[in-house]
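Residue numbering restarts at 1 for every chain, and letters A, B, ... go by the order of the sequence lines. Every heavy atom of this structure was used, including side-chain atoms; hydrogens, water molecules and symmetry mates were not.
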Amino acid sequence: MRVRFAPSPTGYLHVGGARTAIYNELLRQSLGGCHILRIEDTDKARSDEAMTSQIVAALRWIGVEWDEGPVLQSAGLERHRAAARQLLAEGKAYHDFVPPAEVEARRQEAQRKKENFRYKDCFAPPPKAEVERRLEAGEPYAVRFRMPEEPIVVRDLVRGEVTFGREHLDDLIILRSDGTPTYHMSVVCDDVAMAITHVIRGEDHLSNTPKHVALFRAFGAPVPAFGHLPLILGPGKKRLSKRTGATSVEEFRARGILPQALYNYLALLGWSPGDGREIMSREEMIAAFTVERLGSSAAVFDHDKLAWMNAQYMSRLPLPEILAHLQPFVDRLGLGGVDGERLAGAVDLHRTRAKTLEELAGFLVPYFQDSLEYDREACARFLAQEDLPDHLEALIGRLRRLPSFDADSIEAALRGLADERGLKAGVLIHPTRMALTASKAGPSLFELVAAMGQSATLRHLANFVRFLRSAPTAGP
RNA sequence: GUCCCCAUCGUCUAGCCAGGUCAGGACUCCAGCCUUUCAAGCUGGCAACACGGGUUCGAAUCCCGUUGGGGACACCA
């Protein structure tokens with residue numbers, strides 16, 4: 001069993017492409033065999049070396065593995081050209097001297113008349129003598145493959161039998177007038193050369209498949225099994241576009257999605273193990289994967305569900321792994337050289353409260369910032385309590401003298417103080433949380449204080465008391 | 001326009017191939033529990049077989065049509 005993932009380097013790796021790669025990998029891993037990464041860079045004008053390395057990097061990041069490659073399709077150009085010449089020599093292809101503009105004109109005319117257009121119905125291949133004469137004269141020509149006059153049936157792994165009537169099969173160009181092979185030529189040549197047994201690709205290739213099947217047959221090569229995956233759609237079942245959110249793997253990475261989460265989410269968009277499992281490791285997916293369970297209808301990309309899945313991975317993955325993925329986001333906030341142990345403690349405390357790494361990194365800022373900005377409106381109820389600064393100063397005193405700065409001791413100190421002063425613990429808890437994080441919401445206060453550490457806690461508390469005193473009480 | 005593909009809660013889906021269960025799960029949303037807040041977690045709730053014909057004792061499931069959505073119709077890949 002030999003499969004390949006064959007992206008064209010004309011842009012960033014799209015989530016649809018990533019999913020195709022994932023299914024290819026899953027198939028290969030579950031059945032054993034070889035997974036080849038082949039870059040379809042036949043079109044020099046639209047191909048970009050930077051994009052190739054970009055795609056390879058994105059694939060590595062999301063965790064797709066392959067056995068061979070990346071192989072550049074352009075490296076086989078001479079071989080593809082020779083194969084086309086061979087078809088020409090065997091009479092399976094012919095010289096086409098018709099200028100592209102003329103074909104185009106006929107095509108548009110047919111369109112206008114709402115008629116089915118076929119090249120072969122409009123232009124007959126010239127007789128041998130004429131071909132030789134025009135060749136001699138140095139006229140430019142393309143090489144066109146002769147499509148067999150019979151319907152072609154594709155046995156698709158996800159769709160079953162698909163029949164293409166012969167009246168819709170047209171001769172196609174396999175060698176351009178500049179001598180370069182076209183996509184269809186190169187794909188089939190390489191699939192033959194690589195002995196590909198299963199072609200798993202996007203549904204946009206389904207209508208190309210009869211051309212490929214005919215080419216395989218012309219080469220006398222075994223026709224691989226095909227599986228055409230439905231496309232990924234955007235909201236409203238419209239084409240997925242950047243307008244409605246990220247579409248490339250790179251964007252999700254930049255937004256703080258974990259590779260495991262994106263892999264898992266994409267794998268489940270069009271495939272299911274059938275037993276209701278959703279959060280699955282790559283190994284579990286490999287064990288459960290079969291092409292029979294691939295869905296045949298297009299799926300709408302749901303950013304909310306991806307966010308949920310990402311949150312699941314953020315709270316479940318081993319802490320060091322989260323830390324590694326979080327590093328770039330931490331660096332971006334200028335927290336690069338910060339105390340690693342404190343950082344890890346804070347991350348562990350906040351990981352169940354964020355949907356993305358970006359958001360998680362944001363929670364870390366108060367731990368390492370000298371002073372915080374407090375929002376007057378959010379602090380209104382604290383500003384209204386005249387004796388609060390005094391209580392907080394007492395709390396500062398207790399916390400300063402604490403021999404061990406752990407959550408239990410902190411809790412005992414705070415509750416003890418509240419009892420002595422006849423206060424409910426919440427009267428101290430809520431303003432303290434605000435003081436430390438400039439936010440009403442957050443982790444359990446005692447754990448928060450412990451993770452914050454003694455010096456930052458005292459500093460923030462003192463700043464907050466100053467804020468409460470400096471700001472005149474607002475409102476009635 | 002022509003050809004091809006697809007059609008179960010708003011979304012992802014199980015069930016379909018080998019017709020017979022209150023059509024199951026997940027995300028979102030809502031409510032409750034937990035609780036010092038917010039998350040997480042737990043419990044419960046709202047919500048679907050596109051439509052019309054057949055076949056059959058019986059259809060989400062098989063067949064045909066309609067509608068809707070998507071893809072392809074290049075000397076792009």
Side-chain angles (χ1 to χ4, degrees), chain A residues 6-10 40-43 45-47 73 96 98-100 103-104 107 110-118 140-144 154 156 158-160 162-165 167-170 172-178 180-184 186-187 202-210 228 230-231 233 235-239 265 268-279 292-293 295-309 311-312 315 350-355 411 414-415 424-430 432-434 439-446 448:
Chain A
S8 54
T10 52
E40 314 252 297
D41 60 343
T42 313
D43 184 4
R46 297 204 309 160
S47 293
Q73 184 159 70
D96 171 13
V98 183
V103 182
E104 189 50 36
R107 191 193 315 281
Q111 268 274 349
R112 209 169 43 245
K113 289 188 196 157
K114 302 187 189 304
E115 280 170 359
N116 183 35
F117 173 82
R118 277 161 108 214
Y141 66 94
V143 175
R144 212 174 261 272
V154 177
D156 193 278
V158 340
R159 279 151 223 287
V162 183
T163 305
F164 296 86
E167 64 276 17
H168 299 288
L169 301 176
D170 197 7
L172 65 139
I173 289 182
I174 54 178
L175 219 51
R176 302 186 185 95
S177 47
D178 67 357
T180 59
T182 58
Y183 166 75
H184 300 297
S186 294
V187 171
E203 192 190 13
D204 47 339
H205 286 292
L206 183 54
S207 41
N208 287 331
T209 307
H228 288 94
L231 269 19
L233 304 177
K237 293 199 186 291
K238 298 295 173 201
R239 202 190 169 91
Y265 176 73
L268 251 39
L269 204 57
W271 173 80
S272 92
D275 56 14
R277 281 181 296 167
E278 296 214 293
I279 303 292
E292 289 75 34
R293 296 208 59 85
S296 53
S297 57
V300 173
F301 195 97
D302 184 354
H303 290 271
D304 280 340
K305 186 148 185 180
L306 172 62
W308 166 79
M309 196 165 272
Q312 289 293 313
S315 34
H350 290 273
R351 63 201 301 201
T352 60
R353 275 163 254 264
K355 297 241 185 247
E411 176 160 14
L414 185 144
R415 289 197 191 279
K424 293 178 95 173
V427 173
L428 296 176
I429 287 173
H430 298 299
T432 302
R433 176 178 294 107
M434 177 59 75
S439 164
K440 287 176 171 176
S444 158
L445 184 81
F446 310 114
L448 171 66

Original post:
Is the base of B:C38 touched by the side chain of A:R353 through a donor-acceptor pair closer than 3.5 angstrom?
Top reply: yes
Original post:
Between A:H228 and B:G71, do the rings stack, that is, sit under 5.5 Å apart with planes less than 30° off each other?
Top reply: no
**OP:** Please determine, for the side chain of A:A441, which listed nucleotide (B:U37, B:U28, B:A14) has the closest atom?
**Re:** B:U37
**OP:** Classify the nucleic acid contact of A:R351 as base, sugar-phosphate or nothing, counting any heavy atom under 4.0 Å across all strands shown.
**Re:** nothing
Original post:
B:G71 phosphate, OP1 or OP2: any side-chain N/O from A:R239 under 4.0 angstrom?
Top reply: yes
Original post:
When you compare B:U21 with B:C16, how far apart are their P atoms, in angstrom units rounded to a whole number?
Top reply: 12 Å
Subject >> Distance-only donor-acceptor test (3.5 Å): side chain A:T182, base B:C75 >> reply: no
Original post:
When the distance from CD of A:E292 to C1' of B:C17 is rounded to whole Å, what number comes out?
Top reply: 11 Å
Original post:
What integer number of Å spans the C1' atoms of B:C62 and B:C17?
Top reply: 10 Å
Subject >> B:C51 versus B:C57 - spacing of their P atoms, nearest Å >> reply: 24 Å
Original post:
What's the NE2-P distance between A:H168 and B:C3, to the nearest Å?
Top reply: 5 Å
Original post:
Can a side chain N or O of A:S177 be found less than 4.0 Å away from OP1 or OP2 on B:C75?
Top reply: no
Original post:
Looking at B:A77, B:C75, B:C5, which one has an atom nearest to any side-chain atom of A:L206?
Top reply: B:C5
Original post:
Within less than 4.0 Å of OP1 or OP2 of B:C12, is there a side-chain N or O belonging to A:K237?
Top reply: yes
Original post:
Considering only heavy atoms and no angle criterion, is a donor-acceptor pair shorter than 3.5 Å present between the side chain of A:S207 and the base of B:A72?
Top reply: no
Subject >> A:T352 side-chain proximity, nearest of B:A77, B:A14, B:A39 >> reply: B:A39
**OP:** Whole angstrom is fine here: how far is it from CH2 in A:W308 over to P in B:U11?
**Re:** 18 Å
Original post:
For B:A39, does either OP1 or OP2 sit under 4.0 Å from a side-chain N or O belonging to A:Q312?
Top reply: no
**OP:** Once you apply the 3.5 Å cut-off to both distances, tell me the Watson-Crick or G-U wobble partner of B:C62, or none.
**Re:** B:G54
Original post:
Is A:R351 close to A:P443 at the side-chain level, that is, under 4.5 Å between some pair of heavy atoms?
Top reply: no
**OP:** Tell me what A:K238 touches on the nucleic acid: a base, only sugar-phosphate, or nothing, going by heavy atoms under 4.0 Å.
**Re:** sugar-phosphate
Original post:
Does A:R277 place a side-chain N or O at less than 4.0 Å from the phosphate oxygens OP1/OP2 of B:G25?
Top reply: no
Subject >> Whole-Å C1' distance, B:A59 and B:A18 >> reply: 15 Å
**OP:** Take atom P in B:G20 and the same atom in B:C63, then report the distance between them in whole Å.
**Re:** 15 Å
Original post:
With both distances under 3.5 angstrom, what nucleotide forms a Watson-Crick or G-U wobble pair with B:U43?
Top reply: B:A31
Produce the list of close N/O pairs, under 3.5 Å, pairing protein atoms with atoms of nucleotides 29-36 of chain B; give distances to one decimal.
residue: B:U36; atom: O2'; partner: A:H430; partner atom: NE2; Å: 2.7
residue: B:U36; atom: O2; partner: A:R433; partner atom: NH2; Å: 2.8
residue: B:U36; atom: N3; partner: A:L445; partner atom: N; Å: 3.3
residue: B:U36; atom: O4; partner: A:S444; partner atom: OG; Å: 2.7

Original post:
Does B:C73 have a Watson-Crick or wobble mate here (both distances under 3.5 Å), and if so which one?
Top reply: B:G1
Original post:
Has A:R159 got a side-chain N or O lying under 4.0 Å from the OP1 or OP2 atom of B:G71?
Top reply: no
